[in-house]
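Working notes for the structure below.
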Amino acid sequence: MEYSAKGLRVVVTAGAAGIGRAIARTFVEHGARVHICDVEEAALSALDGEITKTRADVSRVEDVERLFHDAEQRLGGLDVLVNNAGIAGPTGKVDEIAPEEWDRCLAVDITGQFNCTRLAVPHLRKSNNASIVNLSSAAGRLGFPLRTPYSAAKWAVVGFTKSLAAELGPEGIRVNAIQPGIVEGARIDRVFENKAKARGISVEAMRQEALSVVSMRTTVTPQQIADAIVFICSTRGRTISGQAISVCGDTQMLP
């Protein structure tokens, strides 16, 4: 089934690498104009083509203000905000996690979404096809031992999403969350390494244990996440709102 994002003006946070880069490039491939932010200067510098960019940490209000100023200058308005920025946070037992590590994880993974959304909404109100997509996780619907800050933040994303959908729906702005499963890439590799170390097992054993509780016994690619997001933001997804959509191969639990 063909679908188009032609003409959409899109902001993607943490869009210079990984899932964010796949989202940004897929929107462009389907006809959108895209502005991204990222904290990694090297990744931003390596990104070429039609995508414009701002260096910004979404947990910092002043950075987010600069991001939306730049996006307005480049795009001339906004139709889609993808709150993709997030960090893995610490791995360890709850009594071993430093308060500053907890604070940093929530500052990026949930407060960052608030910081961006509050500045995006006035622009989205002027759009005739407005969407917000918030990245949650399978950890936002399941318990995730040794990863309490991350899981708490990703559960909060779902509550934030559903509340926004009810609040903004009458204004024609739809809001959804995506809950990826085990996404291929450097981040999950580091998570497996840290959890394997904490549990005293090999990295490969940790990976196989994680996949054993996924019905399809598979990881998810960044492209699959990007395809789902572009679809729900296209005109094909005009009545999809207030949903936490899992793209996870049917993940049953998180070890």
Side-chain angles (χ1 to χ4, degrees), residues 13-14 18-20 22-23 81-94 97 102 105-114 116-117 131-169 174-185 187-188 190-192 194-195 199 206-233 237 239-255:
T13 64
I19 295 172
I23 295 167
L81 168 66
V82 182
N83 278 315
N84 170 67
I87 59 174
T91 298
K93 295 180 179 179
V94 68
I97 292 172
W102 172 279
C105 186
L106 270 66
V108 175
D109 290 3
I110 182 62
T111 303
Q113 295 197 7
F114 164 76
C116 292
T117 300
S131 277
I132 300 170
V133 180
N134 299 321
L135 268 290
S136 177
S137 166
R141 64 179 178 84
L142 300 167
F144 202 3
L146 303 180
R147 298 288 306 286
T148 51
Y150 181 80
S151 185
K154 294 302 185 179
W155 277 79
V157 168
V158 176
F160 184 58
T161 297
K162 288 187 173 291
S163 299
L164 282 174
E167 179 179 325
L168 299 176
R174 56 194 191 273
V175 189
N176 292 287
I178 296 290
Q179 296 185 303
I182 302 170
V183 182
E184 295 174 11
R187 180 188 290 185
I188 196 62
R190 289 192 298 270
V191 168
F192 284 154
N194 291 335
K195 292 201 78 170
R199 295 179 54 187
M206 185 67 247
R207 180 182 177 85
Q208 291 306 314
E209 183 178 341
L211 288 175
S212 73
V213 291
V214 179
S215 294
M216 296 186 72
R217 302 295 193 270
T218 185
T219 55
V220 177
T221 68
Q223 187 61 56
Q224 289 167 328
I225 304 303
D227 289 342
I229 290 172
V230 174
F231 173 78
I232 64 176
C233 294
T239 56
I240 301 172
S241 191
Q243 304 305 304
I245 300 168
S246 291
V247 183
C248 67
D250 189 27
T251 300
Q252 298 293 315
M253 64 178 291
L254 295 171

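Counting only distance, with no hydrogens or angles, the side chain of Q224 and the backbone of V183 share no donor-acceptor pair below 3.5 Å. K195 places a side-chain N or O within donor-acceptor distance of the main-chain N or O of P145, the cut-off being under 3.5 Å. For T13 (side chain) and N84 (main-chain N/O), a donor-acceptor pair under 3.5 Å exists by modelled atom type. For R147 (side chain) and G89 (main-chain N/O), no donor-acceptor pair under 3.5 Å exists by modelled atom type. Counting only distance, with no hydrogens or angles, the side chain of R141 and the backbone of W155 share no donor-acceptor pair below 3.5 Å.
Counting only residues at least two apart or on different chains, no salt bridge (charged side-chain N to carboxylate O under 4.0 Å, His left out) pair has a member in residues 150-160.
Scored by the salt bridge (charged side-chain N to carboxylate O under 4.0 Å, His left out) test, R199 finds E209 as partners (sequence neighbours excluded). Not counting sequence neighbours, the partners of S215 by the side chain to side chain contact (heavy atoms under 4.5 Å, CB included) test are D250, Q252. In this view, S151 satisfies the side chain to side chain donor-acceptor pair (under 3.5 Å) rule with no residue, not counting sequence neighbours. Looking at residues two or more places apart in sequence or on another chain, you find a side chain to side chain contact (heavy atoms under 4.5 Å, CB included) between S131 and V80, R174, C233. The salt bridge (charged side-chain N to carboxylate O under 4.0 Å, His left out) check on E167 picks up nothing, with sequence neighbours excluded.
For the residue pair I97 and G92, the shortest heavy atom distance occurs at CD1-O, 3.7 Å. P180 and S136 make their closest contact through CD-O, 3.5 Å (heavy atoms, listed as atom of the first residue, atom of the second, distance). Here the closest heavy-atom approach between residue A228 and residue V247 is recorded as CB-CG2, 4.2 Å. Here the closest heavy-atom approach between residue G242 and residue N176 is recorded as N-OD1, 3.3 Å. Here the closest non-hydrogen pair linking L106 and P149 is CD1-O, 3.5 Å.
Taking 4.5 Å as the limit, every side-chain heavy atom of L135 sits out of range of all side-chain heavy atoms of V157. Counting only heavy atoms from C-beta outward, the side chains of I240 and I245 approach each other to under 4.5 Å.
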